[in-house]
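Worksheet for the structure shown next.
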Amino acid sequence: MTDYHGPRCRSCNGPCWQWKGDVWGYTCTACINDHLQAAAARADARDQKARKRNLAKLLHNNASPAVRKVASGR
């Protein structure tokens, strides 16, 4: 069995023979997929938190204008 002497994944240090560009460099497809799934999960959690916050604002916000007892100019 010969040892692998080529480029290695910068995340898992496994063999990675294909350059993925300036952003990923030598990163294996499995590590890229793991990173993208984790990023999507974080984005979903952040969006869900924002939706809950906006819903709470809408439900607790009195958006109707206040009714004045005295008409202006009288």
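Owing to the predicted nature of the structure, the values given are computational and were not obtained by experimental measurement. Keep in mind that the numbers below use all heavy atoms, side chains included, and drop hydrogens, waters and symmetry copies.
Once rounded to the nearest 0.5 Å, the distance linking NZ of K57 with CG of L55 reads 11.5 Å. A distance of 12.0 Å separates CG of D47 from NZ of K49, quoted to the nearest 0.5 Å. Interatomic distance, SG of C16 versus CD1 of I32, reported as 7.0 Å (0.5 Å rounding).
Side-chain contact check for R8 versus P15: some heavy-atom pair is nearer than 4.5 Å.
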For residues 23-30, dump all side-chain donor-acceptor pairs below 3.5 Å to protein atoms at least two apart in sequence or in another chain.
{"from": "T27", "atom 1": "OG1", "to": "R10", "atom 2": "NE", "distance (Å)": "3.4"}
{"from": "T27", "atom 1": "OG1", "to": "W24", "atom 2": "O", "distance (Å)": "2.5"}

